[in-house]
Amino acid sequence: MNESKQSKELRRIRDEVLQECVDGQAKMHTPPVFCRMTALALLAIERPRMRGRREMRLERVIATANEHHGLAGIRDVRWAGVIQTHIVEDAVCCTSPECTWVMMARVLSPTELVVLADSMMRRDPQLKRTSVERLETYLDRLGECPVKVWGLRACRSALRLVRENTDSSMESRVRLVLESYGLGAPEVNHPVVNPHTGRFMYLDMAYIDLKIAIEYDGQFHAD
């Protein structure tokens, strides 16, 4: 399968951030677990829109204040939940897609929390990082924690609006606008057959019973 433009760009970002992480962890006595925006880059997941302006620094997760190191260029993020991890290129460790999603709830709007989950479950198999089932399983694990986990309630609410097999963040944002106006949830990437060629086409969004299709024409269509 040919690699998409989006996949190539996300891989380029991953390689840049991976080198930064390798350099950063060389300065630490204990190998870090990178998290949040850093983890998204390492996992090659499209970054959501953030609240306000944020300085882009490497972020690592810590369980207690005693682990704080104050190293320049790296932000420590306290996390009370189960830290689920993923190894990237046998070089660095970061939080898993599921763990990263919940940790991002603190810095995302409800809409962008849904958009981020959609981004983790693209139709393109090269960009699929998790599933609704795996997100649900992780949320259930967090629900069993003896301490309150920040963002758990927001993620449970967001999960009701999440859809697997989408193609772009803007499509997700359009879908959420439609739902916010009471139009109901359209089916995403509904397959139809071109009667002239016999080939399958996939509609961004479709209200099948009403025979209405909605397409988001983004930059991809410029050429």
Side-chain angles (χ1 to χ4, degrees), residues 14 17-18 20-22 24-89 91-121 128-162 164 172:
R14 182 206 63 186
V17 174
L18 178 60
E20 291 180 33
C21 291
V22 169
Q25 74 178 3
K27 303 173 185 177
M28 303 180 193
H29 297 297
T30 304
V33 176
F34 293 102
C35 66
R36 294 204 315 192
M37 294 294 279
T38 307
L40 291 179
L42 291 171
L43 295 167
I45 295 169
E46 183 181 350
R47 296 177 180 182
R49 292 172 176 173
M50 303 288 290
R51 287 171 170 164
R53 297 181 61 183
R54 289 180 172 269
E55 177 188 359
M56 293 305 300
R57 289 194 291 166
L58 298 181
E59 295 179 303
R60 73 155 191 165
V61 61
I62 59 174
T64 67
N66 293 334
E67 298 176 59
H68 178 65
H69 57 63
L71 186 65
I74 298 180
R75 177 188 290 116
D76 283 342
V77 179
R78 287 279 300 276
W79 175 245
V82 178
I83 300 176
Q84 191 169 276
T85 61
H86 179 85
I87 303 299
V88 181
E89 297 293 318
V92 301
C93 181
C94 70
T95 50
S96 69
E98 300 79 25
C99 183
T100 303
W101 182 57
V102 183
M103 291 187 70
M104 289 295 293
R106 183 180 291 272
V107 295
L108 295 180
S109 68
T111 292
E112 288 303 304
L113 193 58
V114 175
V115 170
L116 176 57
D118 281 8
S119 298
M120 293 180 168
M121 301 182 289
K128 187 178 288 291
R129 302 289 180 261
T130 188
S131 65
V132 168
E133 182 180 2
R134 285 162 61 183
L135 291 175
E136 288 177 335
T137 298
Y138 182 65
L139 292 181
D140 289 342
R141 288 187 66 193
L142 293 181
E144 297 172 356
C145 288
V147 296
K148 181 179 179 181
V149 178
W150 207 100
L152 179 57
R153 180 180 298 178
C155 287
R156 287 197 186 280
S157 178
L159 198 59
R160 295 195 293 268
L161 300 174
V162 167
E164 295 191 52
S172 295

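A quick note: this is a predicted structure, and the numbers were derived from the prediction, not measured.
- Residues satisfying the salt bridge (Lys or Arg N to Asp or Glu O under 4.0 Å) test with Glu89, not counting sequence neighbours, are Arg14.
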Could you list the donor-acceptor pairs under 3.5 angstrom formed between side-chain atoms of residues 96-104 and any protein atom two or more places apart in sequence or on another chain?
from, atom 1, to, atom 2, distance (Å)
Ser96, OG, Gln84, NE2, 2.9
Ser96, OG, Glu98, OE1, 3.2
Ser96, OG, Cys99, N, 3.2
Glu98, OE1, Gln84, NE2, 2.8
Glu98, OE2, Thr130, OG1, 2.5
Glu98, OE2, Arg134, NE, 3.3
Glu98, OE2, Arg134, NH2, 3.3
Thr100, OG1, Thr95, O, 3.3
Thr100, OG1, Thr95, OG1, 2.6
Thr100, OG1, Ser96, O, 2.7
Trp101, NE1, Leu113, O, 2.8

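- Shown here for Leu108 and Pro48, the closest heavy-atom pair between the two residues is CD2-CG, 3.6 Å.
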With side chain to side chain contact (heavy atoms under 4.5 Å, CB included) as the test, would you mind laying out the steps for Asp76 and Arg60 before giving the verdict? CA-CA 5 Å; Asp76 283 342; Arg60 73 155 191 165; 2.7 Å; yes
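- Atoms CD1 and CZ, from Ile62 and Arg75 in turn, are 12.5 Å apart once rounded to the nearest 0.5 Å.
- Interatomic distance, CZ of Arg78 versus SG of Cys35, reported as 13.0 Å (0.5 Å rounding).
- Pairing each heavy atom of Cys155 with each of Ala105, the nearest pair is SG-CB, 4.0 Å.
- Between Trp79 and Trp150 the shortest heavy-atom distance is CZ3-O, 3.7 Å.
- Checked against salt bridge (Lys or Arg N to Asp or Glu O under 4.0 Å), Arg156 has the following partners two or more places apart in sequence or in another chain: Asp140.
- Annotation: the span from Thr38 atom OG1 to Leu43 atom CG amounts to 10.5 Å, rounded to 0.5 Å.
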Run the side chain to side chain contact (heavy atoms under 4.5 Å, CB included) test on Arg106 and Val77 for me, step by step, so that the C-alpha distance in whole Å, both residues' side-chain angles and the decisive distance to 0.1 Å come before the verdict. CA-CA 11 Å; Arg106 183 180 291 272; Val77 179; over 6 Å; no
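- Within the structure, salt bridge (charged side-chain N to carboxylate O under 4.0 Å, His left out) contacts touching residues 107-118 (residues at least two apart or in different chains) are Glu112-Arg173, Asp118-Arg175.
- Contact between Ile74 and Arg57 at its shortest, heavy atoms only, is O-NH1, 4.0 Å.
- Every residue two or more places apart in sequence or in another chain was checked for a side chain to side chain donor-acceptor pair (under 3.5 Å) with Gln25, and none qualifies.
- Considering all non-hydrogen atoms of both residues, Leu42 and Leu18 come closest at CD2-CA, 3.7 Å.
- In this structure Thr85 satisfies the side chain to side chain contact (heavy atoms under 4.5 Å, CB included) test together with Val33, Ile83, Cys93, sequence neighbours excluded.
- Here the straight-line distance linking atom CG of Leu116 with atom CZ of Arg47 works out to 11.5 Å at 0.5 Å rounding.
- With sequence neighbours excluded, no residue forms a salt bridge (Lys or Arg N to Asp or Glu O under 4.0 Å) with Glu164.
- In this structure, the side chains of Met37 and Val107 stay at 4.5 Å or more apart for every pair of heavy atoms.
- Residues forming a side chain to side chain contact (heavy atoms under 4.5 Å, CB included) with Glu20 (at least two apart in sequence, or on another chain): Leu58.
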